[in-house]
Amino acid sequence: MPKLASNTASDSLQPSAVLVVSQRPRPGLGRILPSLEALGLPAVAMLASQLGDALPPPFHAAPQQVVVLAIDAESVRAAWRAGAGLVAGLGSGKHGASQLAAGAELLLEAPSEIGNGSLLSAYAEKFRALPDAAAILAALAGRPLALLFDFDGTLAPVPDHPADGCLPPAMRELLARLVARHPLAVVSGRALHDLATRVALPSAYLAGNHGLELRGADYDPQALELAAGWRPLLDAVHDRLSPLLGGYPGCVIEHKGVTVSVHYRAVAPGAAVMLRRDVVSAVAAFDGLVVDGGRQVLEIRPAIDRDKGTAVEWLHGRMQRLVGHCMPIFFGDDLADEAAFRAARRAGGYGVLIARSGRPTAASCRLDSPEALLAALASLLD
Ligand SMILES: O=P(O)(O)OC[C@H]1O[C@H](O[C@H]2O[C@H](CO)[C@@H](O)[C@H](O)[C@H]2O)[C@H](O)[C@@H](O)[C@@H]1O
């Protein structure tokens with residue numbers, strides 16, 4: 001069966017589910033699920049070892065859309081690594097203190113506190129009031145950093161048409177100065193050759209097609225070979241979708257070699273709902289592909305463990321081999337950037353969300369726009 005991912009664009013400040021997580025099986029845990037469900041959320045209990053690098057998808061929730069109620073410190077750490085939207089602890093005394101020390105953002109001392117709604121309000125407040133990244137970046141000036149950027153919506157304004165995305169001259173000039181001090185990468189959903197032309201910074205690392213294509217001071221032949229093997233399938237899905245999407249005025253289909261984007265920014269809103277449904281059911285006929293949702297775009301890609309997060313891990317590893325320890329900071333704006341935020345966070349760095357207002361995210365701070373990013377980055381040169 002084809003795998004259809006459920007990465008849909010939602011800016012709601014309400015979580016989609018609560019996971020009750022413990023390190024060891026605890027038969028009594030099921031008793032607290034009804035009080036969580038009374039908050040209006042689906043709730044399931046699971047073991048910390050089931051969380052892995054990203055949360056499993058009960059109810060098709062992305063990690064940042066989930067609250068974890070952790071029963072012990074190890075579960076707090078596992079939830080944090082997996083990118084849960086909010087990590088709360090449940091326990092009192094020393095037990096609770098160890099959960100706070102492990103990174104719990106909120107502590108409920110007893111199950112009776114579940115009903116007070118603090119889980120939901122802490123979740124909404126966290127994302128409504130994401131810290132200003134400008135102050136954080138200014139404090140990092142002079143430290144060894146690895147700077148990793150998304151392209152569209154982050155370094156460059158989102159264009160009306162895919163062909164029009166371009167790096168503003170002031171941003172290019174600033175990046176050229178930054179790359180002389182810090183290893184720097186651009187990690188994009190665009191094809192690598194397209195990205196390389198638009199970025200035009202010879203010493204920057206590049207990742208195209210959401211991490212399926214990588215380019216740096218050296219190459220990763222394994223990743224490139226892997227990507228090439230998927231081309232025939234992507235050709236076939238492109239050929240299937242092209243005539244279908246001809247019936248949707250304004251729709252743009254972009255074949256990027258190993259992924260395909262369907263842009264519906266200019267499609268009438270009512271028709272866009274049908275377009276999304278048609279694309280998902282057409283792709284379901286092809287084994288081995290997933291459809292991810294972005295902002296006014298559907299991204300069709302191979303169902304393999306490569307994304308912007310794996311790209312950040314690979315690039316950061318390469319950079320550290322060249323320059324020694326450096327803290328990764330990933331700047332991004334869209335849902336595909338969440339995996340990269342999680343990877344930066346796991347490596348002890350930061351994600352910076354570029355957005356006019358907060359939304360559930362694994363980023364730890366926010367800037368309003370590419371223009372605000374330009375100003376904040378300049379402080380790294382002070
Ligand atoms: O990962 P990124 O660098 O942010 O690239 C994501 C996609 O960017 C481009 O699409 C963007 O512009 C489109 C034209 O207006 C718009 O429809 C879409 O919503 C934007 O995301 C690019 O064309 C895609 O290939 C990238 O995957």
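Hydrogens, waters and symmetry mates play no part in the numbers below; they use all other heavy atoms, side chains included. Order of appearance sets the numbers: ligands from 1, and atoms from 1 within every ligand.
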[X] and [Y] ion-paired at < 4.0 Å:
X: E74; Y: R81; result: yes
X: D194; Y: R198; result: yes
X: R342; Y: D307; result: no
X: R265; Y: D160; result: no

In the protein, what heavy atom is nearest to [atom], and what distance, to one decimal place, separates them?
atom: atom 3 (O) of ligand 1; answer: S188 OG, 2.7 Å
atom: atom 19 (O) of ligand 1; answer: R295 O, 2.5 Å
atom: atom 25 (O) of ligand 1; answer: E254 OE1, 2.7 Å
atom: atom 4 (O) of ligand 1; answer: D150 OD1, 2.6 Å
atom: atom 5 (O) of ligand 1; answer: D152 OD2, 3.4 Å
atom: atom 20 (C) of ligand 1; answer: V158 CG1, 4.0 Å
atom: atom 6 (C) of ligand 1; answer: E299 OE2, 4.1 Å
atom: atom 18 (C) of ligand 1; answer: H263 ND1, 3.5 Å

Start with the C-alpha gap between L33 and V44, add the side-chain angles, then the distance that decides, and say whether side-chain contact (heavy atoms from CB on, under 4.5 Å) holds. CA-CA 7 Å; L33 298 182; V44 284; 5.7 Å; no
Practice problem: May I ask you to decide if the ring planes of F331 and F149 are parallel, tilted or perpendicular, using 30° and 60° as cut-offs? | Solution: parallel
- [ ] Would you please test D132 and C365 for side-chain contact (heavy atoms from CB on, under 4.5 Å) and show each step?
- [x] CA-CA 6 Å; D132 178 11; C365 48; over 6 Å; no
* Asked: Looking only at heavy atoms of G294, does any of them come nearer than 4.0 Å to an atom of ligand 1?
  -> no
Contact between P159 and ligand 1, counting heavy atoms under 4.0 Å?
-> yes
> Is it the case that more than 12 heavy atoms not belonging to R231 sit under 6.0 Å from its CZ atom?
Replying inline: yes
If you count heavy atoms of other groups shown closer than 6.0 angstrom to CG of D239, is the number above 12?
yes
Give the atoms of ligand 1, by number and element, whose distance to some non-hydrogen atom of [X] is under 4.0 Å.
X: K308; result: 1 (O), 2 (P)
X: K256; result: 24 (C), 25 (O), 26 (C), 27 (O)
X: F151; result: 3 (O)

With heavy atoms and a 4.0 Å threshold, my read on which part of D160 contacts ligand 1 is backbone
Within the 4.0 Å heavy-atom cut-off, what P162 brings close to ligand 1 is both
Heavy atoms of L241 and A282 approach each other most closely as CD2-CB, 3.8 Å
Quiz item: Looking at ligand 1, does any of its N/O atoms fall within less than 3.5 Å of an N/O of D334?
Solution: no
_Are any of the N/O atoms on V187, whether in the backbone or the side chain, positioned under 3.5 angstrom from an N/O atom of ligand 1?_
no
Point to revise | R26/D72 under salt bridge (charged side-chain N to carboxylate O under 4.0 Å, His left out): CA gap, chis, key distance, verdict | key: CA-CA 11 Å; R26 293 178 189 238; D72 44 62; 3.8 Å; yes
